[in-house]
Amino acid sequence: MVGQEKKEVKEEKLKLEEKYMWAIVDGVKEKVGNFRVEPPGLFRGRGEHPKMGKLKKRIYPRDITINIGKDAPIPECPIPGQSWKEVRHDNTVTWLAYWNDPINPKEFKYVFLAASSTLKGQSDKEKYEKARKLKDYIEGIRTTYTNNFGSKDMTRQQIAVATYLIDRLALRAGNEKDDDEADTVGCCTLKVENVKPLDPPILEFDFLGKDSIKYYKQFEADPAVYKAVKKFREGKSGSDDLFDKLDTSKLNTHLKELMPGLTAKVFRTFNASVTLDDMLAKGGAGSGEVPEKIANYQHANKEVAIICNHQRTVSKSHSAQMDRLQTRIDEAKAELSELETDLARAKKGKPPLKDSNGKQKRNLSPEAIEKKIQSAKTKIDKYERDMRSKEDLKEIALGTSKINYLDPRITVAWCKRNEVPIEKIFNKSLLAKFSWAMDCDPSFRF
DNA sequence: AGTCCCACTTAGAATTGTGACA
DNA sequence: TGTCACAATTCTAAGTGGGACT
């Protein structure tokens, strides 16, 4: 199919979908996120999921409840002769439609507005404002939990240690999970076998977290925490809960007493955004060129991804891609050494040697050869940089923190201060998602 | 105090779009 | 003008956490 034809097919499809793409909310036309129901297929859980491969049945209009304004016309049911399961008018929730998850009928699948909508933007901003508020409380919170590391009250002691781990290691809260889900843990659900005391005060963390991603870290803990963990492990087997007096609900109830609205997840947002802000500020004004500044940003972004344990599987073609880069470097180096020979000869007024195919090359002035040498060197540098960064980032996912954890105003303000075009950091989707942050002051600090 | 229900955010993988280069 | 590599987007699973109910 040629270009023109492809474009026409695309436009045709867009036209057909146009009527599902928008919702009027409080009189404003807003973009809808996922307006397609999930097609039938085999369930693909992550990790060792007990329901792996189960058949996921087709969803029909009769399965779907829609949520519209009281006076809004009911959207036409797309399958003739069928009808919606229910039509509601609930303005206390944000979903536009939902159906029961066919794999786990106790759960729901929702249609929401898109990330770029006013509603999502507002709630995103509130999330970051709450995390910023934690700055005013964090010192007191740290003092409090440190004082409780040795508490005689076991619940208090476990709350103190858990809060410390969430603060220092950016662990997730760790809600209870059912037996029909993959066996993963967060802070409150850590097992004895997941946290091993090594040489004091080193604690070894080894567990599967969200999406069955492995978390492994040897961590130099506060000696009082090390001691407390040893105590929590006493008389238990490996599969017993480390924090037997604790769950997320108790932990969050406690956190709310320390700061209004504080929950465990706020610490991850706080940790990520503070780290980015600090690292960008420390990076200095950076007299360098824009690409160098972008590399600095990436470096900070990578630090955050490591803290949050955002991983990806190494791409299948990674080693082939590395090989290809190496070949290009080798070729460029061979070219460079040939140019250097030519340069030496040219300086003596001699013609260049024949090339590898035995063909005579053109006579060039020493200046022209110098120029070619410079460009070959630049090329080699670039390839070597690319290779290092590719290897360095092969199992780290930078995107997740950018989308969910880093206050976009930190990035926008840094770009303004350093004259880096924001488009170099945020793609089209992120620019739309973060439109609420674009007018922030260049002096903004998290 | 524990359980269930509900609604929302966060997550990596899969798929699709693109632009550079042969 | 096709191919390939990377970026962007889509997909949907898997978390968090509030609140009602028992």
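Just so it is clear: chains get the letters A, B, ... in the order the sequence lines come, proteins before strands, and each one is counted from 1. Side-chain atoms are counted along with the backbone in the values below, which use heavy atoms only and exclude waters and symmetry mates.
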Exam field: side chain A/Thr269 to backbone A/Ala131, donor-acceptor pair closer than 3.5 Å: no
Distance, rounded to the nearest Å, where A/Tyr128 contributes OH and B/dT9 contributes P: 11 Å
Looking at C/dT12, does its base get a donor-acceptor pair with the side chain of A/Lys109 below 3.5 Å? no
Excluding sequence neighbours, so at least two apart, what forms side-chain contact (heavy atoms from CB on, under 4.5 Å) with A/Tyr60? A/Arg58, A/Arg62, A/Asp63, A/Ile79, A/Gln82
Contact letters for nucleotides 17-22 of chain C, in which S counts primed atoms plus P, OP1 and OP2 and B counts the base, heavy atoms under 4.0 Å: BS----
Quick one: is the NZ or CZ of A/Lys109 closer than 6.0 Å to the six-membered ring centre of A/Trp99, and within 45° of its axis? no
Between the protein and nucleotides 4-8 of chain B, list the N/O to N/O atom pairs that are separated by less than 3.5 angstrom.
| unit_1 | atom_1 | unit_2 | atom_2 | d |
| --- | --- | --- | --- | --- |
| B/dA7 | OP1 | A/Trp95 | NE1 | 3.3 |
| B/dA7 | OP2 | A/Tyr110 | OH | 3.1 |
| B/dC8 | OP2 | A/Thr94 | N | 2.7 |
| B/dC8 | OP2 | A/Thr94 | OG1 | 2.9 |
| B/dC8 | OP2 | A/Trp95 | N | 3.4 |
| B/dC8 | O5' | A/Thr94 | OG1 | 3.2 |

Could you note down all residue pairs passing ring pair (Phe, Tyr, Trp, His ring centres under 6.0 Å) where residues 231-253 of chain A supplies at least one of them, sequence neighbours left out? A/Phe232-A/Phe243
At 4.0 Å (heavy atoms only), tell me whether A/Lys390 reaches a base, stays on the sugar-phosphate, or touches nothing. sugar-phosphate
Within less than 4.0 Å of OP1 or OP2 of C/dC6, is there a side-chain N or O belonging to A/Gln321? yes
Going by distance alone, is a donor N or O of one side chain under 3.5 Å from an acceptor N or O of the other, for A/Tyr110 and A/Asn34? no
Let's see if you get this right: which residues in residues 39-65 of chain A place a heavy atom under 4.0 Å from DNA chain C? A/Pro39, A/Phe43, A/Arg44, A/Gly45, A/Arg46, A/His49, A/Lys56
CD of A/Glu17 versus C1' of C/dT9: gap in Å, rounded? 13 Å
For A/Asn309 and A/Lys214, work out which heavy atoms get closest and say how close. ND2-O, 3.1 Å
Look for any protein N or O under 3.5 Å of an N or O in nucleotides 19-21 of chain B and output each such pair with its distance, or none.
none

CD1 of A/Ile141 to CG of A/Leu258: how many Å apart, nearest 0.5 Å? 5.0 Å
